[in-house]
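The sequence lines fix the lettering, A, B, ..., with proteins before strands; numbering per chain opens at 1.
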Amino acid sequence: MADGYTKTVPEMTFGNLWLITKEECILKVRTRFAPSPTGFMHIGNLRTALYAYLFARKENGTFILRIEDTDRTRYVEGATEVIKNTLKEAGLHWDEGPDVGGDYAPYVQSERMAIYKKYADELVNNGHAYRCFCSDSDKGDEANFAEKGCPCRDIDADEAAKRAAAGESYAIRQKMPRVGETTYHDVLHGNITIENRELEDQILLKSDGMPTYNFANVIDDHLMDVTHIIRGEEFITSTPKHVLLYDAFGWDKPVFIHLAPVMGKNADGSTAKLSKRHGATGFSDLTALGYLPTAIVNYVALLGWNPKNTNEEIFSLDDLTRLFSLEGLSKSPAVFDYDKLGWVNGEYFKRMTDAEFAAVARPFAGDLPPNVAANWTNLAALLKTRLTHLAQIPVEIDFLLKMPAFDAALYENKRNKINPAAAEEILPPVIEVLGAVEAEKWQNDVLYAKLNEHIAAVGQKKGAVMWAVRIAVAGKSVTPGGATELLAILGKDEAILRLRRSLDSLKAGTYGTA
RNA sequence: GGCGCGUUGGUCAAGUGGUUAAGACACCGCCCUUUCACGGCGGCUACAUGGGUUCAAAUCCCAUACGCGUCACCA
């Protein structure tokens, strides 16, 4: 046990209430995120990591990253990098783990083989585990095997040792008690009890020498002095096995916190654990669509957790750290909602300066013609309040890159009392007025003022003129920005050209300028 | 199937025996307005069901239903 650290006593917690003892006052919280490197950072995993991170930070504790790569058959090249990069992008910096090291290194399980072997042997020696020489064919009927248990459990210890010494391949199984029950306490779910006979003699050490998750996580969590295990609910029923292991070694148990899963909504309205078929579910999928890491973290934090005493929903990582508490965790599943994510993301856009937004949005706009590129910051400012994610930009601005063909019916608008015929009257003088504006003064405020002057002079309806101009120049009914804003973005030459062509089409009755 | 966990509006959720059952997203309407959006105002919709306990239950207990998880030499 490391210095300055005292174990918690899970038995002394009731519900979500903690009885604080003197020892606990000096408890140094240590949490870990222990992903398996699959090459993909699922949003549910990110949330688990986030909660573990927040809790550690909130308690001035330590956040550990541990890579659980004990399944060789699942090894994916570069997968660890994906995990590390995601954590970095999300701002979840780990105090101990790969790259940064720490007093409990190594933090990659495949580098800790000797450790698991040693502890597995200890268990074999004290009778809490045994060698299993079964091959797949020996297991015969799976159901029967599961019911009767592994026959190796009854092999004489000396004989088993001899067979092992003779070079026979074996795995090590945990010897479960066949009677009684095992109870542990979960912060969210209270006491959870499982009959011991429900527990099978699980493999601790595979025949390739690698530990299974159920063994390695116990050994490592103990050796690394992890105080709070925050992980998914799928481990709720296997935790009694872990508890039995802690007991077999005579170790104190950490505090368990099992999180409800993140769900996705199916086409038929039902829900299922969030997976690829629900769309973008990986952190990188989301960022590729133009959701900001800060917004993703913000939204994901709220999926299964809620701060006390506030209705605010936009939180920075620092805010979350300050507000986080285990009591705010929800024990029921939460459905991932793209609408809400989009709203949160949009809130972040709105809080950025125009320049900041223009910078992050630029890569999503693709190649821009010179006239539009020159006005990018202004265009971005128009886009800022209209997006839920950056990938929407191309369709939002497509008409600026290429004037679309459009139907004259677009000039039709009842509220503004405008129709194609009226547009044909309105446009000519407008083109003249705009043509007189010097290129250097071709800016929104100037154009707006000029147009207003003209409107006042001829006594037309402002909405009608603006509508006609906007349609003539955009060829689209819904645009980011109004008439003069679009004129400004297009630049004088292109704007005038478009107005003329649209007017010509109107006159010719051909409508539209392809 | 056994065991376990869960269940407040379409979604996220507040709520810890006595409330007109918050708030947010989405949706709808109105206002603002050079379109859309932003912003402002308003509306819609919820305690899974059935039994208890209690003067009083979304809150406590028990069933039922439904959902999810787990029963691997995967994590």
Side-chain angles (χ1 to χ4, degrees), chain A residues 15-16 34-38 68-71 73-74 132 134-136 139 142 146 169-173 186 188-189 192-195 197-200 202-214 216-217 231-240 258 260-261 263 265 269-273 299 302-306 308-314 328 330-344 346 350 382-387 396 410 413 415-416 448 451-452 455 461-471 474 476-486:
Chain A
N16 289 341
S36 179
T38 61
E68 309 226 333
D69 59 345
T70 56
D71 186 355
T73 62
R74 280 212 204 169
C132 167
C134 295
S135 63
D136 285 344
K139 290 174 75 174
E142 290 282 344
S169 170
Y170 66 90
I172 292 179
R173 285 184 188 273
D186 180 286
L188 257 55
H189 302 282
I192 291 174
T193 301
I194 305 259
E195 299 280 340
R197 67 177 126 83
E198 296 290 333
L199 275 21
E200 86 163 55
Q202 63 174 347
I203 299 282
L204 263 22
L205 213 61
K206 305 178 218 174
S207 52
D208 67 359
M210 280 288 190
T212 56
Y213 167 83
N214 288 315
N217 99 83
R231 83 221 312 182
E233 199 175 68
E234 62 269 29
F235 296 111
I236 241 177
T237 48
S238 54
T239 299
H258 288 102
M263 312 294 281
K265 182 165 253 165
S270 62
T271 58
K273 201 166 175 178
Y299 174 66
L302 262 19
L303 263 186
W305 173 80
N306 232 286
K308 299 295 177 190
N309 309 314
T310 176
N311 275 331
E312 181 59 37
E313 299 196 274
I314 302 302
S330 169
K331 54 184 173 179
S332 50
V335 177
F336 190 90
D337 180 9
Y338 290 92
D339 281 334
K340 185 87 180 231
L341 202 218
W343 174 76
V344 171
K350 286 171 209 159
L382 296 180
L383 257 13
K384 204 170 73 169
T385 60
R386 291 162 225 261
L387 303 176
E396 284 289 322
L410 282 188
N413 184 273
R415 203 182 118 225
N416 288 311
Y448 188 67
L451 240 31
N452 266 334
I455 288 163
K461 193 175 180 332
K462 183 160 143 190
V465 175
M466 292 300 189
W467 183 277
V469 171
R470 192 174 60 83
I471 296 302
K476 214 176 168 184
S477 64
V478 176
T479 55
T484 60
E485 286 164 324
L486 297 183

Quick one: does A/His258's side chain have a donor or acceptor within less than 3.5 Å of a partner on A/Glu234's backbone?
-> no

Please tell me which of the listed nucleotides, B/rC38, B/rU35, B/rC5, lies nearest to the side chain of A/Ile236?
-> B/rC5

Proximity to the side chain of A/Arg470 - top-ranked nucleotide from B/rC71, B/rC5, B/rU35 | B/rU35

Look at all strands and tell whether A/Ser207 reaches a base, only sugar-phosphate, or nothing, counting heavy atoms closer than 4.0 Å.
-> base

Choose from B/rU70, B/rG2, B/rG6 the nucleotide whose nearest atom is closest to any side-chain atom of A/Glu234.
-> B/rU70

With the side chain defined as heavy atoms from C-beta on, A/Asn214 is closest, among B/rC74, B/rU35, B/rA75, to B/rA75

Any strand is fair game: report the nucleotide pairing with B/rU33 by Watson-Crick or G-U wobble, both distances under 3.5 Å, or none.
-> none

How many Å lie between CD on A/Glu195 and P on B/rU70, as a whole number?
-> 21 Å

Mind checking who B/rA14 pairs with, Watson-Crick or G-U wobble, both distances under 3.5 Å?
-> none

Think A/His189 has a side-chain N or O under 4.0 angstrom from the OP1 or OP2 of B/rG6?
-> yes

Taking only side-chain nitrogens and oxygens of A/Lys340, does any of them come within less than 4.0 Å of OP1 or OP2 of B/rU11?
-> no

Value in whole Å for how far the C1' atom of B/rU11 lies from CG of A/Leu302 | 13 Å

Mind checking who B/rU19 pairs with, Watson-Crick or G-U wobble, both distances under 3.5 Å?
-> none

Could you let me know what B/rU49 is paired to, Watson-Crick or G-U wobble, both distances under 3.5 Å, or none if it's on its own?
-> B/rA63

Which nucleotide in the set B/rC3, B/rA75, B/rA72 lies at the smallest distance from any side-chain heavy atom of A/Ile194?
-> B/rC3

Rounded distance in Å - OH (A/Tyr299) to P (B/rA24) = 16 Å

Contact class for A/Tyr448 vs. all strands (heavy atom < 4.0 Å): base, sugar-phosphate, or nothing?
-> base

Along RNA chain B (nearest heavy atom to each residue), the more 5'-positioned of A/Gly463 and A/Ala272 = A/Gly463

B/rC38 -> Watson-Crick or G-U wobble partner, both distances under 3.5 Å, gives none

Please report the shortest heavy-atom distance between A/Asp69 and A/Met210, naming the atom on each side.
-> O-CE, 4.4 Å

Watson-Crick/G-U partner (both atom distances under 3.5 Å) of B/rC68 = B/rG4

Nucleotide of B/rA75, B/rC12, B/rU34 approaching A/Val335 most closely (side-chain heavy atoms) = B/rC12

Closer than 4.0 Å, any side-chain N/O of A/Lys331 to the OP1 or OP2 of B/rG69?
-> no

If you measure only the distance, is there a donor-acceptor pair under 3.5 Å linking the side chains of A/Asn214 and A/Thr212?
-> no

Using whole Å, report how far CG of A/Asn311 lies from C1' of B/rG15.
-> 12 Å

Give the nucleotide from the list B/rA72, B/rC74, B/rA24 with an atom nearest to the side chain of A/Trp343.
-> B/rA24

Protein-nucleotide distance (A/Leu486, atom CG; B/rC36, atom P), rounded to Å = 13 Å

Do any side-chain nitrogens or oxygens of A/Arg231 fall under 4.0 Å of OP1 or OP2 in B/rA75?
-> no

Nearest-neighbour nucleotide for the A/Ala483 side chain, B/rC74, B/rU34, B/rG69 considered = B/rU34

Are A/Lys462 and B/rU34 close enough that a side-chain N or O sits under 4.0 Å from OP1 or OP2?
-> yes

Among B/rC36, B/rC25, B/rA75, the one nearest any side-chain atom of A/Arg386 is B/rC36

Judged by atom type as modelled, is there a donor-acceptor pair below 3.5 Å linking the side chain of A/Lys206 to the main-chain atoms of A/Thr70?
-> yes

note: A/Lys384, atom NZ; B/rG39, atom C1'; distance rounded to Å ~ 14 Å

Between B/rA75 and A/Thr70, is there an OP1 or OP2 to side-chain N/O distance shorter than 4.0 Å?
-> yes

Which part of the nucleic acid, if any, lies within contact of A/Thr484, taking any heavy atom under 4.0 Å across all strands shown: a base, the sugar-phosphate backbone alone, or nothing?
-> base

Report yes or no: does A/Arg74 contribute a side-chain atom to a donor-acceptor pair with the main-chain N or O of A/Pro37 at less than 3.5 Å?
-> no

Pairing nucleotide - B/rA56, Watson-Crick or G-U, each distance under 3.5 Å = none

For A/Gly328, does its backbone N or O pair with a side-chain atom of A/Asn306 as donor and acceptor, under 3.5 Å?
-> no

Would you check, one step at a time, whether the test salt bridge (charged side-chain N to carboxylate O under 4.0 Å, His left out) holds for A/Lys273 with A/Glu233?
-> CA-CA 12 Å; A/Lys273 201 166 175 178; A/Glu233 199 175 68; over 6 Å; no

Is there a side-chain polar atom (N or O) of A/Lys350 under 4.0 Å from OP1 or OP2 of B/rA37?
-> no

Any-strand Watson-Crick or G-U partner of B/rC73, both distances under 3.5 Å = none

Round to the nearest Å and state the distance from A/Asn306 atom CG to B/rU11 atom C1'.
-> 13 Å

Could you state the atom-to-atom distance from NZ of A/Lys476 to P of B/rU34 in whole Å?
-> 22 Å

Respond yes when some side-chain nitrogen or oxygen of A/Lys308 is under 4.0 Å from OP1 or OP2 of B/rG15, and no when none is.
-> yes

Tell me what A/Thr193 touches on the nucleic acid: a base, only sugar-phosphate, or nothing, going by heavy atoms under 4.0 Å.
-> sugar-phosphate

Minimum-distance nucleotide to A/Tyr213 side chain [options: B/rA75, B/rG23, B/rA13] = B/rA75

Determine yes or no for a side-chain-to-main-chain donor-acceptor pair under 3.5 angstrom, with A/Glu195 supplying the side chain and A/Arg197 the backbone.
-> no

